Participant: 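Sharing a structure below in structure tokens format, with a few things to ask.
Position 1 is the first residue of the sequence, and the numbers go up from there. Since the structure is predicted, the reported quantities are computational estimates derived from the model, not experimental observations.
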Amino acid sequence: MKILAIADDEDKRYYDHYKPGCLDEFGLILACGDLSRPYLEFLVTMARCPLVYVHGNHDDSFVENPPGGCICADDKLVTVNGIRILGLGGSYRYKKSGHFMYTEWEMKRRAWKLAPKLLFNHGFDILLTHAPALGVNDFDTLTHRGFDTFNKLVNKHHPSYLIHGHIHKNYGFKIPTVSEHNGTTVVNAYESVIIDAPFGE
């Protein structure tokens, strides 16, 4: 299955310069946060597949006005096209205000609440996040620090993918798009990344 992973900035190929049929190859769209509601709604309308998203740290408007037609996976384990997707959006808390910012303890508590579902469903296939894992594609700054909770989830459940945003590729030329962490493929979905995933239709 081809998956389109997106985050942070709109890809003009799929929006401003959209051509009919350019989304037809995808069986799933995964949005990792900080994308506008009109963009997500456009994609899910024009594509022939579901769009699953988590919140970014700039998505406060989604509390009152979430994107229509899309599946929110935040704080949930959702199964789409047979793929188990665990959603933990938001960034590390770097200021007091903000609906989708968390301390490490708060993120850990969110994961704990999902533990029974993970046990019942025998884990998950994709960890969908906004922030990266601690020490994996993150920065030392509080604003772009990753979560160790994600490392623990990966180490325990060994999902096929951890797909995140938040780390813009224009922050530095050495930022990888695809890497590996303890057997899990890590994808920085900034703007857009096409993933040839080993999942059935």
Side-chain angles (χ1 to χ4, degrees), residues 1-8 26-35 49-57 59 70-92 100 102 104-138 144-167 169 175-201:
M1 176 189 293
K2 283 194 175 181
I3 296 174
L4 178 64
I6 55 177
D8 301 298
F26 303 115
L28 181 63
I29 299 174
L30 297 177
C32 299
D34 286 353
L35 293 165
C49 65
L51 188 156
V52 179
Y53 74 94
V54 293
H55 299 103
N57 52 297
D59 287 336
C70 304
I71 301 167
C72 180
D74 234 337
D75 294 304
K76 300 173 187 174
L77 178 65
V78 300
T79 301
V80 180
N81 292 345
I83 303 169
R84 300 163 299 171
I85 304 166
L86 176 63
L88 289 169
S91 74
Y92 205 90
F100 304 113
Y102 306 92
E104 183 69 59
W105 167 248
E106 288 169 335
M107 186 61 75
K108 185 177 181 179
R109 186 170 58 186
R110 293 172 70 195
W112 277 351
K113 290 180 179 179
L114 290 163
K117 290 185 178 180
L118 298 183
L119 180 63
F120 181 78
N121 287 275
H122 306 289
F124 56 96
D125 302 301
I126 296 175
L127 177 55
L128 186 66
T129 69
H130 180 62
L134 182 67
V136 185
N137 298 343
D138 69 340
H144 291 94
R145 179 180 177 180
F147 288 99
D148 192 45
T149 297
F150 300 161
N151 289 318
K152 289 179 169 58
L153 285 167
V154 166
N155 294 340
K156 181 176 181 179
H157 296 282
H158 303 287
S160 297
Y161 295 95
L162 190 170
I163 304 175
H164 70 86
H166 198 50
I167 306 299
K169 294 300 289 294
I175 297 172
T177 298
V178 180
S179 55
E180 186 271 342
H181 178 58
N182 198 19
T184 292
T185 299
V186 179
V187 179
N188 178 358
Y190 173 70
E191 198 170 86
S192 74
V193 178
I194 297 174
I195 303 169
D196 282 307
F199 302 127
E201 296 294 339

Participant: Minimum heavy-atom separation for F147 and E104, please, with both atom names.
Facilitator: CA-OE1, 3.5 Å
Participant: Look only at the side chain of D138 and the backbone of A131, and say whether a donor-acceptor pair between them is shorter than 3.5 Å.
Facilitator: no
Participant: To the nearest 0.5 Å, what is the distance between CG on D34 and CD1 on I6?
Facilitator: 11.5 Å
Participant: Between the side chain of N188 and the main-chain N/O of Y190, is any donor-acceptor distance below 3.5 Å?
Facilitator: yes
Participant: Using every non-hydrogen atom in the two residues, find where L35 and A31 come nearest and quote the distance to one decimal.
Facilitator: CD1-CB, 4.2 Å
Participant: For T184 and Y161, which heavy atoms make the closest approach, and how far apart are they?
Facilitator: CG2-C, 3.6 Å
Participant: Answer whether the closest heavy-atom distance between the side chains of C32 and T129 falls below 4.5 Å.
Facilitator: no
Participant: Output all residues satisfying salt bridge (charged side-chain N to carboxylate O under 4.0 Å, His left out) with K76, sequence neighbours left out; order by chain, then residue number.
Facilitator: none
Participant: Give a yes or no answer on whether the side chain of D74 reaches the backbone of G89 with a donor-acceptor pair at less than 3.5 Å.
Facilitator: yes
Participant: Please name all residues satisfying ring-ring contact (aromatic ring centres under 6.0 Å, His included) with H166, sequence neighbours left out, ordered by chain then number.
Facilitator: H130, H144
Participant: With sequence neighbours left out, what residues match F100 under ring-ring contact (aromatic ring centres under 6.0 Å, His included)?
Facilitator: H55
Participant: Please report the closest heavy-atom contact between N121 and R84, naming both atoms and the distance.
Facilitator: O-NH1, 2.8 Å
Participant: Can L28 and I85 be said to form a side chain to side chain contact (heavy atoms under 4.5 Å, CB included), step by step?
Facilitator: CA-CA 11 Å; L28 181 63; I85 304 166; 4.0 Å; yes
